[in-house]
Amino acid sequence: MQNRIVHLIDADPSETRINVEGWIRTKRDSKNFCFFEINDGSCLKNLQVILDKSTSELSEVITHISTGASVTFTGILVESPGKNQKVELQAEDVILHGEAPADTYPLQKKRHSLEFLREIAHLRPRTNTISAVARVRNSLSFAIHSYFQEKEFIYVHTPIVSASDAEGAGEMFQVTTLPLDDIPKDNGVVDYSKDFFGKPANLTVSGQLEAEIYAMALKNVYTFGPTFRAENSNTARHLAEFWMIEPEMAFCTLEGDMAVAEEFLKYIFNYVLNHCEADMAFFNKWVQKGVADGLKEVVDKPFIHLPYTDAIKELTSTKKEFEFPVSWGADLQSEHEKFLTEEVFKAPVIVTDYPKEIKAFYMKLNDDEKTVRAMDVLVPRLGEIIGGSEREYRYDVLTRRLDELGLDPKDYWWYLDLRKYGSVPHAGFGLGFDRVVQYVTGMQNIRDVIPFPRTVHNAEF
RNA sequence: UCCCCUGUAGCUCAGCUGGUAGAGCGGGUGACUGUUAAUCACUAGGUCGGAGGUUCAAGUCCUUCCGGGGGAGCCA
């Protein structure tokens, strides 16, 4: 655990003999000296190791050390005469744990395309970009827990397998133990009484409804876990398996919801800017120019609040031509969201009070009977990063809404019970964690910010 | 799922209006003065995504299937 390279590169020279473990990134060999760059994933930088071949008996073993090999060097940290590093390890001994034959090892010193790296997802964390993503992803996870824990939210584990057929947030993966080549049927209808749970079950598409249950007892809760959508969407922003964060707050209206969403985003962005400086500088320079600078701006500026109706006015009063027509009642398209965040306000925008027809049944109906207390946080570059709402907490209005939408109240019995017993205004939001990582790092494709992307026709590794 | 682009050496790509393939990097071998995308010399790698078709002749044109990318829809 000691001697991680992130600390060694800034350490002072010392007479103490130390061990350094890691993987070889490059080797520069000449007659008398051999230089290695060794990386252990603790940071982007490598530690330079120098080996004096004239005084060492290691000439044989170092011919087997090539890019990708795993080694432990023993030596002394000395001041480096070279200009690119403060210190370097003067090696006295080396253990070669595992060779990486250069004629077949796929990773080279040069840059690889992210598409190629995706095909070797078992080796790609050994690259600068993917390891930096892993560290930022880790820090963001920590920051998320840290924010909610500081605010005394309770972390709730909502189920992965859900037999509730009420969520309706997207296409679901069915979970079954029925034999697919011989499904038991009763008059042509699948006999789910023979299935594991005795009824149809799916992988969860959202933990929100279950989170509401716990909010109705613990006041402020959040979920942070995997979510699944079986949608045939093939874009740089969609995964079939992704991680979602869903806070839910009792005694809270949309105003409180928006305030938390803004504070939360700023907190986690700020955390990463402060704790992953080197990685963020890397993204800022090589992955997407100015991504870290843009993040700083988001942290400093107040978010714009804009009712849907005003957003429509904004979009219809511009001379800009849109591919999709703008009209009250239609959902905002990607191009509209981009226009608002990137051209009109140049800042994150929270659009509120959408028409009820384009939002979910559980959102609180406004007095106009036309709009609901929904909010979407839109950010430049990415579009919607957060979707949330104040929930409909009035029993009679909720049952009326279910009725209007042709939904069966029996399927929502426990959800309705929450409105029957001790109901209270409450609100929450959801955000896709992987999209946050994407936004923060500036990575173009969501498949490169999750270690093992699951997408249509792709579940390798 | 729809629209557009694309698939040539291990990687990144070039290959004009059809005449059976090239570069850089990487690999191997050797040289080398503390190198840092090291350098220099030599060298080996490809039935041009698969299957059909047009043609005297196909990497190049056509059909189709399969990958990959961009955009859209769905959404987080």
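What you are looking at is a predicted structure, and each value in this text was computed from that prediction instead of being measured.
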Query - Side-chain-base donor-acceptor pair under 3.5 Å for A:Glu119 and B:rG67 - result: no
Query raised in the report: Hey, is the side chain of A:Gln108 pairing donor to acceptor with the base of B:rG10 inside 3.5 Å?
Result: yes
For the pair made of [atom1] in [X] and [atom2] in [N], what is the distance, rounded to whole Å?
X        : N      : atom1 : atom2 : answer
A:Arg25  : B:rU35 : CZ    : C1'   : 18 Å
A:Lys338 : B:rG71 : NZ    : C1'   : 9 Å
A:Leu123 : B:rG10 : CG    : P     : 17 Å
A:Ile50  : B:rU33 : CD1   : P     : 13 Å
A:Met443 : B:rG70 : CE    : P     : 11 Å
A:Asn234 : B:rG70 : CG    : P     : 10 Å
A:Lys31  : B:rU35 : NZ    : P     : 16 Å
A:Lys27  : B:rA38 : NZ    : C1'   : 14 Å

Base, sugar-phosphate or nothing for [X]? Non-hydrogen atoms, less than 4.0 Å.
X        : answer
A:Phe242 : base
A:Asp29  : base
A:Glu335 : nothing
A:Pro81  : base
A:Thr235 : base
A:His238 : base
A:Phe324 : sugar-phosphate
A:Glu115 : sugar-phosphate
A:Asn84  : base
A:Gly387 : nothing

Query raised in the report: Between A:Phe116 and A:His112, how do the two ring planes meet: parallel, tilted or perpendicular, split at 30° and 60°?
Result: tilted
Requested in this report: Mind telling me whether A:Tyr155 and A:His145 have parallel, tilted or perpendicular rings, with 30° and 60° as the class edges?
Outcome: perpendicular
Is there a Watson-Crick or G-U wobble partner for [N] with both distances under 3.5 Å, and if so, which one is it?
N      : answer
B:rG67 : B:rU6
B:rC75 : none
B:rA41 : B:rU29
B:rA23 : B:rU12
B:rC48 : none

Using the [atom1] atom on both, measure [N] against [M] and round to a whole Å.
N      : M      : atom1 : answer
B:rC48 : B:rC61 : P     : 15 Å
B:rU64 : B:rG27 : P     : 43 Å
B:rG67 : B:rG73 : P     : 24 Å
B:rU60 : B:rU6  : C1'   : 15 Å
B:rA51 : B:rC32 : P     : 49 Å
B:rG22 : B:rU29 : C1'   : 23 Å
B:rA41 : B:rG49 : C1'   : 36 Å
B:rU39 : B:rG24 : P     : 13 Å

Report task. Start with the C-alpha distance between A:Asp29 and A:Lys53, add both sets of side-chain angles, then the distance that settles salt bridge (Lys or Arg N to Asp or Glu O under 4.0 Å), and finish with yes or no. Result -> CA-CA 10 Å; A:Asp29 205 5; A:Lys53 294 207 280 195; 2.7 Å; yes
Report task. Before giving the answer on salt bridge (Lys or Arg N to Asp or Glu O under 4.0 Å), spell out for A:Glu79 and A:Lys86 the whole-Å C-alpha distance, their side-chain angles and the decisive distance to 0.1 Å. Result -> CA-CA 6 Å; A:Glu79 192 178 337; A:Lys86 180 184 162 194; over 6 Å; no
Query raised in the report: Where does B:rG67 land, syn or anti, once you apply the within-90°-of-0 test for syn?
Result: anti
Nucleotide nearest [X] when distance is taken to its side chain, options [options]:
X        : options                : value
A:Ala102 : B:rG70, B:rG68, B:rG27 : B:rG27
A:Asn32  : B:rC74, B:rU33, B:rG68 : B:rU33
A:Gln333 : B:rC11, B:rG73, B:rU12 : B:rG73

**Report entry** Nearest-nucleotide 5' precedence on RNA chain B, A:Arg237 against A:Gln444
**Finding:** A:Gln444
Query raised in the report: Mapping A:Ser334 and A:Arg447 onto RNA chain B by nearest heavy atom, which one lands closer to the 5' end?
Result: A:Arg447
Query raised in the report: Any donor-acceptor pair under 3.5 Å linking the side chain of A:Arg381 with the backbone of A:Tyr439?
Result: yes
Requested in this report: Return yes if some donor-acceptor pair links the side-chain N/O of A:Glu171 with the main-chain N/O of A:Glu231 below 3.5 Å, else return no.
Outcome: no
Query raised in the report: Within 45° of the axis and under 6.0 Å from the centre of the six-membered ring of A:Phe36, does NZ or CZ of A:Lys27 qualify?
Result: no
Report task. Please assess A:Glu342 against A:Lys346 for the test salt bridge (Lys or Arg N to Asp or Glu O under 4.0 Å), listing each intermediate value before the final yes or no. Result -> CA-CA 5 Å; A:Glu342 292 171 14; A:Lys346 297 185 177 24; over 6 Å; no
Hey, does the side chain of [X] come within less than 4.0 Å of [N]'s phosphate (OP1/OP2), counting only N and O?
X        : N      : value
A:Arg28  : B:rU35 : no
A:Asn445 : B:rG70 : yes
A:Ser30  : B:rU35 : no

Query raised in the report: Can you name the one residue among A:Arg28, A:Gln85, A:Arg25 that meets side-chain hydrogen bond (donor to acceptor under 3.5 Å, both in side chains) with A:Glu37?
Result: A:Arg28
